[in-house]
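The structure appears below as structure tokens.
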Amino acid sequence: MSTTARSYTTRRLGIVEALVNKLKDIDGTGHFLSNVNENVSPRLKFWDEVEEFPAIHLNAGQETREYQGGGYKDRFLTITLRCYVQDEDTVLALDELLEDVETVIEENASLTYKDRNNADQHTQQITVVSIDTDEGVLEPLGVGEMLIEVRY
């Protein structure tokens with residue numbers, strides 16, 4: 001069985017894994033307000049599966065293409081980041097964690113990741129589309145969701 005290099009394949013897994021690795025840097029030091037203790041997962045989990053807080057879980061969603069001239073394609077991947085906290089002041093804890101996540105995304109808009117051929121690739125842009133929280137309804141637990149779009 002021969003393998004051929006494809007120039008236009010999905011790179012969902014590589015992008016999500018690279019984001020997970022960057023988000024694990026949120027350690028409460030420097031300009032970070034939270035410490036996730038590397039509790040970042042490339043898969044969404046149900047509430048009852050979350051055992052350590054704070055936690056960040058990612059899920060790759062819809063992927064679209066925009067066809068340009070000359071056979072070039074822009075690819076857009078939607079990723080959901082779900083953030084979980086447990087704190088006396090969940091609104092504040094969640095705001096701080098979401099701010100840290102946004103900082104990582106802003107600092108890594110041109111994210112380096114590996115494709116299926118183990119070659120380095122780079123995203124063109126990562127955009128925060130929306131941020132939503134439970135606003136303390138589930139206190140002492142809190143959940144926030146950030147939707148991002150990755151252009152590659």
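Going from atom CD of Glu38 over to atom CG of Asp25 covers 8.5 Å, rounded to the nearest 0.5 Å. In this structure, CD1 on Ile79 lies 12.0 Å from CE on Met146, to the nearest 0.5 angstrom. Rounding to the nearest 0.5 Å places CZ of Arg65 at 9.0 Å from CG of Leu77. Taking CD from Glu145 and OG1 from Thr133, the interatomic distance works out to 11.0 Å, rounded to the nearest 0.5 Å. If you take CG on Leu97 and CG on Leu92, they are separated by 11.0 Å, rounding to the nearest 0.5 Å. How far CD of Gln124 is from CZ of Arg151: 5.0 Å, rounded to the nearest 0.5 Å.
Under the 6.0 Å cut-off for aromatic ring centres, Tyr84 and His57 qualify, their centroids lying closer than that.
Annotation: side chain of Val143 is in contact with side chain of Leu138 (closest heavy-atom distance under 4.5 Å). Here the side chains of Val20 and Leu58 are in contact, with some heavy-atom distance below 4.5 Å. Here the side chains of Thr64 and Glu66 are not in contact, with every heavy-atom distance at 4.5 Å or above. Taking the side chain as every heavy atom from C-beta outward, Ile148 and Val150 approach each other to under 4.5 Å. A 4.5 Å side-chain heavy-atom check between Pro140 and Glu88 finds every atom pair outside the cut-off. Between Arg75 and Arg11 there is a side-chain heavy-atom pair separated by less than 4.5 Å. At least one side-chain heavy atom of Tyr152 sits under 4.5 Å from a side-chain heavy atom of Tyr113.
Heavy-atom minimum distance, Asp87 versus Ala93: CB-CB, 3.8 Å. Across all their heavy atoms, Asn39 and Pro54 have their closest contact at ND2-O, 3.3 Å. Of all the heavy atoms in Val91 and Glu135, the pair that sits closest is CG2-C, 3.8 Å. Closest approach of Ile26 and Ser34 over heavy atoms only: CG2-O, 3.4 Å. Looking at every heavy atom in both residues, Gly142 comes nearest to Leu94 through C-CD2, 4.1 Å.
None of Val16, Leu81, Leu44, Thr78 except one satisfies the side-chain contact (heavy atoms from CB on, under 4.5 Å) rule with Asn59; the exception is Leu44. Of the options Asp115, Leu111, Thr112, Ile15, a side-chain contact (heavy atoms from CB on, under 4.5 Å) to Gln121 is made by Asp115 and by none of the others. When each of Ile131, Ile56, Leu19, Val128 is paired with Val101, the side-chain contact (heavy atoms from CB on, under 4.5 Å) condition holds for Ile56 and for no other.
Judged by distance alone, the side chain of Asp134 and the main-chain N or O of Gly136 form a donor-acceptor pair under 3.5 Å. Between the side chain of Glu49 and the backbone N or O of Phe46 there is at least one donor-acceptor pair closer than 3.5 Å.
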Side chain to side chain contact (heavy atoms under 4.5 Å, CB included) between Val36 and Phe53, worked out: CA-CA 7 Å; Val36 296; Phe53 299 91; over 6 Å; no
Trace of the side-chain hydrogen bond (donor to acceptor under 3.5 Å, both in side chains) decision for Thr127 with Gln125: CA-CA 6 Å; Thr127 306; Gln125 180 179 344; 3.0 Å; yes
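Remark: Lys24 NZ is packed, more than 12 non-hydrogen atoms of other residues, nucleotides or ligands lying under 6.0 Å away. Annotation: Gln68, atom CD; neighbour count of heavy atoms from other residues, nucleotides and ligands within 6.0 Å is above 12.
Between the side chains of His31 and Glu107, a donor-acceptor pair is found at a separation under 3.5 Å.
Ion pairing of Glu63 with Arg12 is present here, as a side-chain N (NZ or NE/NH1/NH2) and a carboxylate O approach within less than 4.0 Å.
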